[in-house]
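Scroll down for the structure; my scribbles are underneath it.
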Amino acid sequence: MTPKLLLDALIPLMADLSRELHDSERYRRLLDSLRMLFPCDAAALLRLDGEVLVPLAINGLSSDTLGRRFRVSEHPRFRVLLSNLPPTRFPANSSLPDPYDGLVEAHSGELHVHDCMGCQITMNGRPWGLLTLDALAPGRFDAVDPASLQAFASLAAVTVNVAERIHDLAETSEQERQRAEAYRLAANQSRRELIGQSPAHKRMMKEVRLAGPSNMTVLIAGETGTGKELIANAIHAASPRARKPIISINCAALPETLVESELFGHVRGAFSGAVGDRRGKFELADGGTLFLDEVGELSLAVQAKLLRALQSGQIQRVGSDEEHKVDVRVIAATNRDLEEEVRLGRYRADFYHRLSVYPLAAPPLRERGHDILLISGFFLEENRFRLGLLSLRLATDAQEVLLSYRWPGNVRELEHVIARTALKALGKHPERPRILTLTAEDFDLANEKTPLQAAQHEEQIQSELDLQNGSSLRDAVSAYERRLISASLARNGGNVASSARELGVDRANLNRMARRLGLK
């Protein structure tokens, strides 16, 4: 390494320390300088978050790597790097599996023999994370001076420290304390997180950070599968209520006769089967947050009773004359256009306005661009562990297919598609591979249908078969109606009101049709 090369690489980094840069850009420049100084085909900067290594920046690795979360206990090379303070170089024929197998862009397949080394980054005497370098040919790191790499790691620590200090100055010490505690609690509650770098995702996260510390009622609107519950958890985690629980209830899954009991509780003898006193969700969430999912499915009668609880904080158990005062923040979510429901008289205007003090939109996946690949990386890593694979990766054509698909089911559909595709692709191999690469052909997304489209297609085919088999037109229509209504009731947990909304008919008419068709 010549002095000129060293200066050419380090001077821009030193200049960056005094600039106001986004963290991702600062870390990208750091890896650019690393590859300029040390001969490698791939490099990564990873932050240690508890027992998980989170990639902050990559160079030469597939883009979905940023969405992966590497558990240290599952990756022996990372364990070795974190246990050694000096830089560590692994033998070319090391038997330890490489966590980047199948992820290096310049290589496809398993990395049987290659050069790999890494260095621990420390902050205040504690491990903060790792710098890793991979070269596809053995012997590439023969000329690397470990002391030089250690010095670069020290510069990386300074860069990280600067980035974190700039971030600290943007918030007051009290806000930082609350946020750190909130995210710590949120991490303990769930492994899932909100992943993304797209403008739409950043706008949404800005809204989350604004709404979180307030006590406002939030209404999260978005299509099915956009992660509205994760957003609610993030708002709760960023609030002063984060030490208290967030209690969730799916309004669409409850029979109308039990909604009041679930929300407000009941006393012994209030109705048949009430063998004892029971606290409702409002009491369980006292001091914390109540998340009302699918709030658009509530009946007008229940809306009226909920409105009083939201206005005054007073609740009354079913069968009791005694009132209870609760301190609850409500976050609601819906996939319906509630403004339109209000206009059509199917939703109370006063209840809607009480819910939507702070409206927040969950962007559909198709508007989030390359976030699709980052989120795919998260699900790929989950399924890699579940299926016992060394690596589960996406071929280039598979990435293109995922990016071009419309995703009517959003993130939930992406999760299911990756899990299903990985399992089917694994089943095609007579012997279990160590590295499984998913191709565009494996996904076959061009023929995917939404559940409603699939049901309608199936009903159409069955009706045609009924006519061909000699049924009259009336019998075929009745059979079609019976299957369609039965399927809708099953999807909505037997909730007639929800099925009526889904099918676009009056609830009373749906009841009459169900009785005529023998469904009640």
Side-chain angles (χ1 to χ4, degrees), residues 21-35 38 40-82 88 97-107 111 116-123 127-135 152-153 156-157 159-161 163-164 167 183 187 191-198 201-202 205 368-385 389-394 399 402 418 435:
L21 296 171
H22 192 276
D23 290 352
S24 59
E25 177 63 15
R26 194 180 298 277
Y27 297 149
R28 184 191 68 78
R29 296 186 184 199
L30 180 72
L31 291 188
D32 286 345
S33 298
L34 178 68
R35 289 194 65 178
F38 303 101
C40 62
D41 294 297
L45 172 68
L46 305 102
R47 185 190 74 235
L48 183 62
D49 186 4
E51 296 299 317
V52 176
L53 282 166
V54 180
L56 298 184
I58 57 173
N59 193 315
L61 297 170
S62 62
S63 57
D64 62 79
T65 307
L66 282 174
R68 296 177 183 253
R69 301 297 180 261
F70 298 99
R71 291 194 170 274
V72 177
S73 59
E74 298 171 16
H75 298 286
R77 293 203 186 205
F78 285 154
R79 287 204 303 270
V80 171
L81 293 176
L82 287 170
T88 302
D98 193 303
Y100 301 136
D101 272 356
L103 300 180
V104 180
E105 288 184 332
H107 179 79
L111 301 177
C116 175
M117 67 186 305
C119 186
Q120 184 184 135
I121 297 175
T122 58
M123 294 276 287
W128 177 91
L130 294 176
L131 273 175
T132 63
L133 300 83
D134 279 86
F152 191 90
T159 301
V160 168
N161 191 34
E164 293 190 347
H167 180 71
Y183 281 114
R191 290 178 55 198
R192 293 296 173 87
E193 57 184 294
L194 292 165
I195 296 174
Q197 295 180 351
S198 66
H201 179 80
K202 289 178 179 178
M205 292 306 298
R368 295 179 57 185
H370 278 74
D371 281 358
I372 293 171
L373 298 183
L374 270 64
I375 300 170
S376 296
F378 183 91
F379 293 138
L380 287 166
E381 187 65 18
E382 276 195 342
N383 285 276
R384 179 203 64 78
F385 174 71
L389 298 168
L390 178 64
S391 180
L392 179 61
R393 66 191 299 270
L394 297 172
Q399 294 182 21
L402 294 182
I418 287 180
I435 294 177

Anything under 3.5 Å between a donor and an acceptor, one on a side chain of residues 55-64, the other on a protein residue two or more places apart or in another chain? List them.
| residue | atom | partner | partner atom | Å |
| --- | --- | --- | --- | --- |
| N59 | OD1 | R35 | NH1 | 2.5 |
| N59 | ND2 | D32 | OD1 | 3.0 |
| S62 | OG | D64 | OD2 | 3.2 |
| S62 | OG | T65 | OG1 | 3.4 |
| D64 | OD1 | R68 | NE | 3.0 |
| D64 | OD1 | R68 | NH2 | 3.0 |

field: Inter-residue atom distance L81.CG - C116.SG, 0.5 Å rounding
entry: 7.0 Å

query: Considering only heavy atoms from C-beta outward, does the side chain of I418 approach that of E382 to under 4.5 Å?
result: no

Could you give the side-chain donor-acceptor pairs of residues 371-378 under 3.5 Å, partners two or more places apart or in another chain?
| residue | atom | partner | partner atom | Å |
| --- | --- | --- | --- | --- |
| D371 | OD1 | Q197 | N | 2.7 |
| D371 | OD1 | S198 | N | 3.0 |
| D371 | OD2 | S198 | N | 3.3 |
| D371 | OD2 | S198 | OG | 2.6 |
| D371 | OD2 | R368 | NE | 3.2 |
| D371 | OD2 | R368 | NH2 | 3.4 |
| S376 | OG | I372 | O | 2.6 |

Validation row: F152, L30 side chains within 4.5 angstrom (heavy atoms): yes

- prompt: Under 4.5 Å between any side-chain heavy atoms of L82 and L130, yes or no?
  reply: yes

query: What closest approach, in Å, do L48 and P127 show between heavy atoms, and which atom pair accounts for it?
result: CD2-O, 4.2 Å

- request: Determine the minimum heavy-atom distance between R384 and S391, stating which atoms define it.
  value: CD-CA, 3.9 Å

message: So for atom NE2, which belongs to H370, do other residues, nucleotides or ligands contribute more than 12 heavy atoms lying within a distance under 6.0 Å?
response: no

message: On a heavy-atom basis, which atom in H75 and which in P99 lie closest, and how many Å separate them?
response: ND1-CB, 3.5 Å

- line: In T132, L131, L34, the residue satisfying side-chain contact (heavy atoms from CB on, under 4.5 Å) with L45 is L131

task: Please report the closest heavy-atom contact between L194 and M205, naming both atoms and the distance.
output: CD1-SD, 3.7 Å

- request: Identify the heavy atoms of I195 and G67 that sit nearest to each other, and give their distance.
  value: CD1-O, 3.9 Å

message: If the condition is side-chain contact (heavy atoms from CB on, under 4.5 Å), which residues does V52 pass it with, not counting sequence neighbours?
response: V54, R69, R71

